[in-house]
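For reference, the structure is listed below as structure tokens.
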There are 2 protein chains.
Amino acid sequence: MRQDTRLSRLLHVLLHMAETDAPLTSERIAAMLGSNPVVVRRIMAGLREGGFVAAERGHGGGWRLARPLEAMTLLDVYRSLDEPELFAFGLSNPAPDCLVERAVNGVLGAEVAAARESLLARFADIRLSDVRQDVALGRDRP
Amino acid sequence: MRQDTRLSRLLHVLLHMAETDAPLTSERIAAMLGSNPVVVRRIMAGLREGGFVAAERGHGGGWRLARPLEAMTLLDVYRSLDEPELFAFGLSNPAPDCLVERAVNGVLGAEVAAARESLLARFADIRLSDVRQDVALGRDRP
DNA sequence: AATCAAGTTACCTAAGAAGTTACGAATGAA
DNA sequence: TTCATTCGTAACTTCTTAGGTAACTTGATT
């Protein structure tokens with residue numbers, strides 16, 4: 001299954017936005033991402049609604065950070081995307097009559113829930129300023 | 001994104017197979033899953049190649065367990081599917097020139113790798129006999 | 001031989017991220 | 001005012017992969 005790359009792209013964009021005070025247009029962001037302006041506006045919409053970035057229209061407009069990177073976590077960015085599904089696998093039938101299938105759902109569902117909780121807890125702990133620090137250190141594999 | 005339900009379905013099938021010594025046809029399994037025989041044969045192929053189940057053709061044929069549930073873990077079943085992607089999200093560009101994107105990949109990639117490792121370790125610890133135990137106890141949420 | 005069932009190939013369907021086109025709305029410069 | 005710029009949206013297409021379906025082959029039993 002093709003993977004959702006929106007989280008990865010948003011992090012990339014936000015870190016670039018922190019490099020300058022001037023607003024970045026969707027056009028320029030799209031060039032950075034190898035994408036196009038409409039896709040950029042689409043994935044940025046949630047961040048705007050969440051107050052993490054601000055967009056201005058017209059001449060000299062574009063996107064600007066509305067908060068410092070210290071005040072944004074990976075979880076914030078994930079949530080701004082409307083918390084899309086994290087896992088590529090899931091239950092075949094969420095509410096079966098079959099007792100066997102209910103037991104399978106119980107085990108698998110519990111593991112997924114635990115993995116999700118633990119991953120989101122990590123996301124909540126990682127600030128974008130931490131990632132910026134990795135850029136400065138030239139880290140691409142921590 | 002639509003989720004992959006093969007793991008969930010295989011567990012369901014295997015536990016039903018353990019309830020009887022008689023071989024189960026793909027047709028009957030498909031009825032249990034609300035699917036069809038070709039899909040069943042497709043998802044069972046890996047288990048057959050891995051020696052976890054055996055298939056016999058012709059009259060009185062069908063699928064039978066080749067090992068007790070005590071000797072099969074969730075990880076075995078997952079691997080029999082060729083280890084499909086676990087996560088619904090991923091890196092936009094796995095090998096970018098951009099230093100910012102490399103840092104993003106580093107952080108996100110490390111979190112995914114850790115989550116994957118931890119989830120598969122759990123899968124390795126859970127035997128199908130443990131799930132059967134949950135059926136007996138009527139557990140659908142551990 | 002006839003029947004049953006797995007094995008396999010080929011093609012279709014569904015769902016969602018991503019790409020594209022087109023247009024509207026707001027803003028600032030000439 | 002007029003016009004270029006830029007975001008905001010809607011509508012449509014494209015791509016990918018699990019899943020569904022049909023048709024056929026292979027092998028075993030009666």
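As the structure is a prediction and not an experimental result, all values here were calculated from the model.
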Can you tell me if [X] touches the phosphate of [N], counting only side-chain N or O atoms and a distance under 4.0 Å to OP1 or OP2?
{"X": "A:Arg6", "N": "C:dG16", "value": "no"}
{"X": "A:Thr25", "N": "D:dT6", "value": "no"}
{"X": "A:Arg28", "N": "D:dT6", "value": "no"}

Answer with base, sugar-phosphate or nothing: what part of the nucleic acid does B:Gly60 contact at a heavy-atom distance below 4.0 Å?
->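 The residue B:Gly60 makes no contact with any strand.
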N/O-N/O pairs, protein side and nucleotides 21-27 of chain D side, under 3.5 Å:
residue, atom, partner, partner atom, Å
D:dT21, O4, B:Arg42, NH2, 3.2
D:dT26, O2, B:Arg57, NH1, 3.1
D:dG27, N2, B:Gly58, N, 3.0

Euclidean distance, atom [atom1] of residue [X] to atom [atom2] of [N] [Å, nearest integer]:
{"X": "B:Glu56", "N": "C:dG7", "atom1": "CD", "atom2": "P", "answer": "10 Å"}
{"X": "A:Leu7", "N": "C:dA18", "atom1": "CG", "atom2": "C1'", "answer": "16 Å"}
{"X": "B:Glu85", "N": "D:dT16", "atom1": "CD", "atom2": "P", "answer": "16 Å"}
{"X": "B:Glu49", "N": "C:dA6", "atom1": "CD", "atom2": "P", "answer": "16 Å"}
{"X": "A:Leu24", "N": "D:dT5", "atom1": "CG", "atom2": "P", "answer": "18 Å"}
{"X": "B:Arg48", "N": "C:dT8", "atom1": "CZ", "atom2": "C1'", "answer": "10 Å"}
{"X": "A:Met17", "N": "D:dC7", "atom1": "CE", "atom2": "C1'", "answer": "13 Å"}
{"X": "B:Arg2", "N": "D:dC15", "atom1": "CZ", "atom2": "C1'", "answer": "15 Å"}

What pairs of residues pass the side chain to side chain donor-acceptor pair (under 3.5 Å) test when at least one of them lies in residues 111-121 of chain B, not counting sequence neighbours?
-> A:Arg122-B:Glu111, B:Tyr78-B:Arg116, B:Glu83-B:Arg116
Donor-acceptor pair between B:Arg127 and B:Thr73 side chains, under 3.5 angstrom | no
Show me, pair by pair, the donor-acceptor contacts under 3.5 angstrom made by side chains of residues 57-69 of chain A, not counting sequence neighbours?
residue, atom, partner, partner atom, Å
A:Trp63, NE1, A:Ser26, OG, 2.9
A:Arg64, NH1, A:Asp21, O, 3.1
A:Arg64, NH2, A:Glu56, OE1, 3.4
A:Arg67, NH1, A:Ala71, O, 3.4

So does A:Arg132 pair up with A:Glu70, basic N to acidic O under 4.0 Å?
->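 The answer is yes: the pair qualifies as a salt bridge.
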Reference residue B:Met72; test side-chain contact (heavy atoms from CB on, under 4.5 Å); the match among B:Val131, B:Leu14, B:Val53 |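 Only one option passes, and that is B:Leu14.
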How are the rings of A:Phe89 and A:Phe87 set to each other: parallel, tilted or perpendicular (split at 30° and 60°)?
-> perpendicular
Carefully, step by step, assess A:Met32 and A:Leu24 under the rule side-chain contact (heavy atoms from CB on, under 4.5 Å).
-> CA-CA 11 Å; A:Met32 293 169 178; A:Leu24 271 181; 3.9 Å; yes
